Amino acid sequence: MQRVLITGAAGFLGSHLCDRFIREGFQVDAMDNLITGDLKNINHLMDHEHFTFHNHDVSEHIELEGALDHILHFASPASPIDYLRIPIQTLKVGSLGIHNCLGLAKHKGARVTIASTSEIYGDPEVHPQHEEYFGNVNTIGPRGVYDEAKRFQESMTMAYHRYHGVETRIVRIFNTYGPRMRLNDGRVLPAFIGQALRGEDLTIFGTGSQTRSFCYVDDLVEGIFRLHFSDETRPVNIGNPDEITISQFAEEIISLTGTDQKVVYRDLPENDPKKRQPDIARAREVLGWEPQVDRSEGLKRTYAYFLTLTEEELYKSEHKDFEAYSKN
Ligand code: UDP
């Protein structure tokens, strides 16, 4: 039986990867320090005979006994509010954390996939973003702690690949949504749905003309799975190229939830990318992958999840951070 270590396992993406690898018959070692992850996301796996949870911060040395075949490094804060709240941890997990994972991979002879991000393209001047684009990142802006950590992570990964011959894969993840997103992490989809459910107005940052392209989590997991088991060592964009403006997105959430709230406008946060759309030609060509779930279907499934949250969860708020992030 093959064994996989998934870091960030109690997070949104990490928990879906745990499900997938368990389903595929792997022994899963799940690691998380629960700084942004939530055990609720993996509770259903805790009693599984092939699942072990380790409460550990991957920025500290990782000790695992026995053979290990695969590592998926998905531990990182991943929303702009988190970068403001825990900037040092964000930098550490992308630098010290990846160093520990790659060292472990070298020691065990394991293959590693690292979670990179469209944020490495910054506020892009090339549209859509293909993998050869170097990006436009402000190192000292509020997003810099995430963007630069992820850029460093890619460099470190390629160094271990070239110098130590470690089997590495790099997935550049574009905006992804689905069940288990944190309701109050400040990202646009949970923000809008949470507001609709609480009967609040939907907050559009800036004019709402900025664009994003949203990928449903099952599609993303399929892309990551294929990449991990492929021979592709160059970075691969995984995302859904279906691009919309944030204003259009707000309209879709209003009709999905049937809320009679309106939209209100707030300042655009510093360095908020004006547009984002993945060029997925490489993923199509080398993985035979493209998204299957369109936004209307994905949003329905995601909304069904948010409807299962308790009142307490719905009102548990990180709004102080939210206020700091986009001032009126
Ligand atoms: N956004 C918004 N209202 C919110 C939260 C986010 O208009 O309540 C905007 C945000 O400014 C950005 C887009 O939605 O332009 C996507 O934001 P998110 O934080 O989800 O992802 P990222 O900016 O990292 O792509």
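Note that the structure is a prediction, hence the values are computed from the model and not measured. Values below: every heavy atom of this structure, side chains too, minus hydrogens, waters and symmetry copies. Both ligands and their constituent atoms are indexed starting at 1 by order of listing.
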One residue to check: K274. Relative to ligand 1, which of side chain, backbone, both or neither has a non-hydrogen atom less than 4.0 Å away? neither
With the threshold set at 4.0 Å, does a side-chain nitrogen-carboxylate oxygen contact exist between E222 and R20? yes
Ligand-side contact atoms (ligand 1) for residue partner I204, heavy atom cut-off under 4.0 Å: 7 (O)
So is there a nitrogen or oxygen of L268 less than 3.5 Å from a nitrogen or oxygen in ligand 1? no
Heavy-atom count around R162 CZ within 6.0 Å, excluding the residue itself: above 12? no
Which atoms of ligand 1 sit under 4.0 Å from any heavy atom of A191? 8 (O)
At under 4.0 Å between heavy atoms, which part of L202 makes contact with ligand 1: side chain, backbone, both or neither? neither
Looking at ligand 1, is there an atom of it that comes within less than 4.0 Å of some heavy atom belonging to F192? yes
How does D272 reach ligand 1, by side chain, by backbone, by both or by neither, if only non-hydrogen atoms under 4.0 Å count? side chain
Under 4.0 Å from one or more heavy atoms of E119, ligand 1 contributes atoms 24 (O)
Donor-acceptor check, side chain of S79 to backbone of D185, threshold 3.5 angstrom: yes or no? yes
Closer than 4.0 angstrom: is that true for some heavy atom of G186 and an atom of ligand 1? yes
Report the part of R187 in contact with ligand 1, treating N, CA, C, O as backbone and CB onward as side chain, heavy atoms under 4.0 Å; options are side chain, backbone, both, neither. both
Would you tell me whether N237 and Y121 have side-chain atoms, one donor and one acceptor, within less than 3.5 Å of each other? yes
Counting heavy atoms only, name the option from M181, Q210, R143 that's nearest to atom 23 (O) of ligand 1. R143
Against heavy atoms of I246, which atoms of ligand 1 measure under 4.0 Å? 7 (O), 13 (C), 14 (O)
For T203, atoms of ligand 1 separated by under 4.0 Å from a heavy atom: 2 (C), 3 (N), 4 (C), 7 (O), 8 (O)
Please tell me whether F21 and L13 are part of a single hydrophobic cluster in this structure, the criterion being side-chain heavy atoms less than 4.5 Å apart. yes
I need the contact type for R266 against ligand 1. Using non-hydrogen atoms and a strict under-4.0 Å cut-off, is it side chain, backbone, both or neither? neither
Test of proximity, V188 against ligand 1: N or O pairs below 3.5 Å: yes
Checking the N or O distance criterion of under 3.5 Å, is ligand 1 in contact with N175? yes
Determine the interplanar angle of the F229 and F225 rings, folded into 0 to 90°, and report it as parallel if under 30°, tilted if 30 to 60°, perpendicular if over 60°. tilted
Take Q292 and Y216, measure what side chain to side chain donor-acceptor pair (under 3.5 Å) needs, and give me the verdict at the end. CA-CA 9 Å; Q292 304 294 324; Y216 188 66; over 6 Å; no
For residues I244 and Y177: do they belong to one hydrophobic cluster (side chain heavy atoms under 4.5 Å, members Ile, Leu, Val, Met, Phe, Trp, Tyr)? yes
Under-4.0 Å salt bridge between R182 and D38: no
Under-4.0 Å heavy-atom contact with ligand 1, by part of P80 that carries it: side chain
Using a distance-only test with no angle check, is there a side-chain donor-acceptor pair under 3.5 angstrom linking Q195 and T203? yes
Trace of the side chain to side chain donor-acceptor pair (under 3.5 Å) decision for S209 with T207: CA-CA 5 Å; S209 61; T207 61; 2.8 Å; yes
